[in-house]
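For the single chain, residues carry numbers from 1 onward in sequence order.
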Amino acid sequence: MQARPTSDDKLSPAKVAVLILIYLYLNEELPNKRQIVVFLGTQLEGLPIVHDNKLVLLSSLEAFCDAIEASSVKKTRESDDSERFLQFKHKFLTIAWDISSADLIQQLSMDAFRRTAEPLCVVALLRFQVSTRSPIGRFVRTMAASLKLLQFEESSELVEGFRRFRASTEGVFKELRGRGYPDPTPLSKYHSPTSEPLFETWNSLLRKTKRQEDSSEINGDSSKDLAFYAALDASLKSSLPVESTKTEETAAEATLVTIPDMDLLVKEQIRLLESFGTPTPDFLRNIIYQMATPHSVSVYNSMPSLHYLQYLENLCRGEYHEAFDSLHKYFDYMVSQGSKYFYHFALVSKASLHQHFGEDEEALDSMEEAISIARENHDNSTLTYILSWLYDFMRRKPALWNSRIFRQIKNELRLLDYLVKKSLSVSLSLAAVSYRFEVDYLLNGQCHFSRYYESLFKAGYFAIHDSVSSFIGVCHTSSNLWKNVGYPHLSQLYTELGLQYSKLHGLVRDMLMFEMGQAWCRYSLGDSDIALPDMKSSLELCNSNVAQLRSIRILLQLRQTEVALGKGRVRLAQELLLYLPESHELEQKCLVEKIRVQVLLKLAQGNYAEALICVSEHIGDMDQFRSNLRPDVVHLLELNLLKAAVLIQSGVPVRAFSLVLQQLEIANQLGLRFLMARGYVYLIQILNSLGQPGDALDMANSVLALVNSVGNIEIKSNLFFQMATSHHKFLESGEFSKTTSKTALFAQFLNYLSLAIAGFKKSVNLGLLVNSFELEDQMAATALQHPEIRNSKPFEDFRKHLQMGLDILRRRAFDECEYGYLRKSK
């Protein structure tokens with residue numbers, strides 16, 4: 001694509017196509033006039049066309065016609081709509097292919113210009129006129145003035161560019177001409193007698209040009225003229241560069257681009273790249289390459305946004321030095337414009353660059369310099385924005401509070417108080433962000449649930465009155481909060497709202513995070529068809545944005561590892577963990593998830609000692625941070641409950657008893673019902689392990705409503721499994737109520753165990769299914785000792801189900817072995 005702009009930055013082949021469209025509009029020859037006028041308005045405003053979050057350039061007349069068709073013809077492709085559009089397309093292409101000189105383009109603009117009227121004009125000379133203040137009127141006046149100012153070589157360049165622009169429609173135009181569609185309506189039909197001498201009509205000029213061509217053929221000197229033009233053409237071609245001798249078909253890929261259009265395209269691509277990770281299209285990349293040539297350096301430097309686009313591209317590819325160089329050039333040109341604010345945001349962008357590549361100390365150096373400059377200039381707005389960025393960075397990596405503390409900031413709480421107070425006077429966006437930070441801090445700071453609910457509602461109020469991006473951020477916080485407090489349907493509601501808006505107006509990381517959250521919500525509620533987001537497409541998108549989506553890629557990989565463990569593919573899970581970064585390089589959320597998955601892997605391998613050491617070491621580190629700087633109660637609760645699970649499975653449930661009780665007390669104070677439900681299931685499992693089935697069953701019945709309201713299918717299934725275990729222990733020990741028969745007890749056992757097995761199947765957990773069938777096997781041996789149960793009909797069905805389930809389980813285990821992820825059973 002030719003990037004060299006025209007001498008007048010208002011002219012391009014695409015503008016000529018818009019002028020033809022206006023000509024047909026003024027003559028009332030548009031089908032689906034309303035839709036095409038909307039498309040015309042978009043072109044007049046200079047707005048780029050975006051389809052499926054990808055930039056679309058009208059680089060040829062064929063693409064221009066396709067864009068009109070997409071906006072005017074209904075999706076149903078009705079025959080009437082299609083036929084009317086083909087007639088319109090024939091008229092449009094007829095005018096386009098009649099253009100052979102700059103005079104015809106100028107005459108076209110003058111014919112459109114004469115249809116404009118001054119706003120206060122009383123007498124209308126024409127049937128249909130437009131105001132000079134309208135977008136069409138302003139465009140027509142600008143085009144007419146620009147065309148008059150063109151020099152000879154510039155007008156020739158414009159005509160040649162339009163020929164290349166229309167070359168792609170040659171075959172379509174010939175096909176439409178063969179159908180016999182009517183030609184465009186002559187403008188003379190609407191001319192007034194008084195205005196006829198002043199303007200020569202478009203069609204009369206065409207006829208005049210054709211008569212001149214015909215007369216030249218009749219003359220005897222036509223052969224000499226042809227020879228002269230051929231010699232002149234050969235001489236010109238020999239003096240031009242090699243690439244200018246392309247055929248018209250090959251040259252159709254090139255077109256002139258004006259500087260304003262180029263600037264709009266680059267800015268729109270920056271937005272798409274930041275929001276959706278859309279790579280730069282080839283056509284725009286070719287323009288950038290052409291504009292970087294020596295003859296266009298001045299044009300390239302006049303558009304600093306090109307440097308920022310290159311910075312984002314290099315950042316997505318993970319190229320550190322190239323990204324730093326592009327960012328440096330961008331802010332060099334921006335600072336040269338004389339604004340003091342650019343230096344602040346240059347430092348913030350530089351800190352973000354260091355953050356993406358794991359250079360935490362360098363990021364803090366940049367932010368410290370930005371804070372100092374903002375304080376020197378008494379710029380409270382910029383200072384609040386910088387401190388908001390800093391707080392978000394530090395809360396993701398709380399270990400940095402011990403390694404680096406600014407002189408102005410003593411601890412996290414002091415910084416948070418400053419942000420909440422100052423942001424209210426700065427902007428609604430920063431106020432919403434500050435209250436979201438406060439929700440996270442209070443949730444992790446052993447505060448009553450009413451306090452962080454209040455902060456959440458404040459954040460939502462400011463976000464709703466601010467912008468879509470603020471509301472998307474509040475959806476993240478709300479979804480996470482309702483998940484922790486045990487209301488999965490509310491969590492799912494905010495997740496779906498956030499996903500819907502992030503697809504339209506959010507960032508690609510927002511979209512991926514909501515997709516993961518949506519998959520978790522559906523899975524936890526028992527949707528067997530949804531166990532994971534689309535891992536393949538999500539990982540491909542993350543790999544195309546290496547630095548920006550690094551944390552999401554890690555979370556996706558950890559989720560993939562956990563699913564592999566659930567299916568029994570231990571070797572695969574172990575291999576996936578090898579590709580994760582070291583723990584000190586991870587953010588807090590990724591680090592906790594990595595520790596949890598590592599412990600689950602060691603439990604699956606039967607290595608209880610290493611699992612206990614792994615979780616205990618990290619709990620000790622978090623306790624140290626919490627005592628000095630940042631509370632992180634939610635993650636501590638999760639890890640302590642995980643430690644309790646390790647102790648229970650390792651055969652020492654007594655050591656986990658007091659630990660679980662402590663976590664239940666803290667979770668109850670904070671209102672974290674999700675963690676409470678998990679803790680109660682562990683406590684019931686401990687009671688069963690200690691030979692107290694009666695206490696375990698009583699506690700299970702008392703917390704059944706809580707577990708059901710939390711809705712997590714795995715926790716609920718584990719509770720039913722423990723209730724079935726209690727009934728088995730009753731029969732095994734013979735200690736049960738005399739009013740309850742053995743057959744009724746056995747029937748209750750079957751009911752609870754069937755619920756557990758159904759839930760484990762939905763949660764795709766082969767290990768828990770194995771435990772369920774092992775419990776069935778034990779119950780079968782116990783029931784044989786009781787004639788009342790052995791001779792009953794439920795027992796016969798139970799044995800058949802047991803044998804069928806064992807066969808299915810062995811076959812599934814064998815299938816997993818075929819993949820090489822499970823050892824074959826003896």
Side-chain angles (χ1 to χ4, degrees), residues 483-486 524 562 565-566 592 595-604 606 608 611-612 614-616 618-619 633-729 752-753 755-756 759-760 763 765 767-768 770-772 774-775:
K483 180 185 74 173
N484 285 324
V485 299
S524 64
E562 188 176 359
L565 283 174
V592 173
I595 296 298
R596 187 176 66 85
V597 174
Q598 282 180 336
V599 172
L600 293 177
L601 173 62
K602 295 183 185 301
L603 288 177
Y608 302 113
L612 187 60
C614 179
V615 69
S616 298
H618 191 69
I619 289 174
V633 178
V634 174
H635 287 154
L636 273 174
L637 287 173
E638 292 177 347
L639 292 179
N640 278 317
L641 289 176
L642 183 61
K643 181 180 179 180
V646 174
L647 292 173
I648 295 171
Q649 293 188 36
S650 61
V652 285
V654 178
R655 293 181 56 189
F657 187 79
S658 60
L659 180 63
V660 173
L661 287 178
Q662 292 174 2
Q663 309 316 307
L664 281 173
E665 182 179 359
I666 298 173
N668 186 34
Q669 292 176 356
L670 297 177
L672 305 178
R673 301 167 72 249
F674 177 77
L675 295 177
M676 287 174 60
R678 178 172 293 176
Y680 278 123
V681 171
Y682 287 153
L683 191 59
I684 294 168
Q685 187 176 357
I686 292 173
L687 293 175
N688 277 328
S689 301
L690 296 177
Q692 302 295 327
D695 295 337
L697 189 60
D698 291 341
M699 180 173 291
N701 287 323
S702 64
V703 301
L704 183 58
L706 171 65
V707 174
N708 276 326
S709 65
V710 167
N712 186 276
I713 188 65
E714 187 172 342
I715 296 177
K716 191 189 304 184
S717 302
N718 270 310
L719 178 64
F720 291 138
F721 178 79
Q722 294 303 322
M723 296 175 77
T725 302
S726 299
H727 285 77
H728 171 253
K729 289 185 177 296
Y752 290 129
L753 189 60
L755 292 173
F760 292 148
S763 62
N765 197 313
L768 296 176
V770 170
N771 295 337
S772 300
E774 287 178 350
L775 181 60

query: Run the side chain to side chain contact (heavy atoms under 4.5 Å, CB included) check on Tyr680 and Leu719 step by step: do they pass?
result: CA-CA 9 Å; Tyr680 278 123; Leu719 178 64; over 6 Å; no

- request: Name all residues meeting the salt bridge (charged side-chain N to carboxylate O under 4.0 Å, His left out) criterion together with Glu562; count only those two or more places apart in sequence or in a different chain, and write none if there are none.
  value: Arg559, Arg596

- prompt: Val597 and Leu565: which non-hydrogen atoms are nearest, and at how many Å?
  reply: O-CD1, 4.0 Å

field: CG on Leu670 to CG on Leu637, rounded to 0.5 Å
entry: 7.0 Å

- prompt: In Å and rounded to the nearest 0.5 Å, what is the CD to CG distance from Gln663 to Leu642?
  reply: 11.5 Å

- prompt: So do the side chains of Ile684 and Val703 get within less than 4.5 Å of each other, counting heavy atoms only?
  reply: yes

query: Going through the checks in order, is the side chain to side chain contact (heavy atoms under 4.5 Å, CB included) test met by Leu753 and Phe721?
result: CA-CA 6 Å; Leu753 189 60; Phe721 178 79; 4.2 Å; yes

- request: Calculate, to the nearest 0.5 Å, the distance between atoms CG and CG belonging to Leu664 and Leu659 respectively.
  value: 10.0 Å

- prompt: When the ring planes of Tyr752 and Phe720 are compared, do they come out parallel, tilted or perpendicular, using 30° and 60° as the limits?
  reply: parallel

Any donor-acceptor N/O pair, Asn688 side chain to Gln722 backbone, under 3.5 Å: yes

task: Please round to the nearest 0.5 Å and tell me the distance separating atom CD1 of Ile715 and atom CG of Asn718.
output: 8.0 Å

message: For the backbone of Cys614 and the side chain of His618, can you confirm whether one donor and one acceptor N or O come within less than 3.5 Å of each other?
response: no

- line: Taking every heavy atom of Lys602 against every heavy atom of Ala611, the minimum-distance pair comes out as CD-N, 3.6 Å

statement: When rounded to the nearest 0.5 Å, the distance separating OG of Ser709 from NZ of Lys716 is 9.5 Å

- request: Run the numbers on Phe657 and Leu683 for side chain to side chain contact (heavy atoms under 4.5 Å, CB included), then give the verdict.
  value: CA-CA 7 Å; Phe657 187 79; Leu683 191 59; 3.5 Å; yes

task: Go through Ile686 and Gln692 one step at a time and tell me if the side chain to side chain contact (heavy atoms under 4.5 Å, CB included) criterion holds.
output: CA-CA 9 Å; Ile686 292 173; Gln692 302 295 327; over 6 Å; no

query: Which heavy-atom pair separates Val707 from Ala677 by the least distance, and what is that distance?
result: CG2-CB, 4.2 Å

- prompt: Taking all atoms of both residues into account, what is the closest heavy-atom pair of Glu638 and Leu675, and its distance?
  reply: CG-CD2, 3.9 Å

message: Once rounded to the nearest 0.5 Å, what's the spacing between atom CD of Gln598 and atom CG of Leu603?
response: 12.0 Å

task: Indicate the atoms forming the closest heavy-atom contact of Val615 with Ile595, along with that distance.
output: CA-CG2, 4.4 Å

message: Could you tell me if the side chain of His727 sits less than 4.5 Å from the side chain of Leu697, heavy atoms only?
response: yes

query: Which pair of heavy atoms, one from Ile648 and one from Ala656, lies closest together, and at what distance?
result: CG1-CB, 4.1 Å

- prompt: Heavy-atom distance under 4.5 Å between the side chains of Gln662 and Asn640, does that happen here?
  reply: no

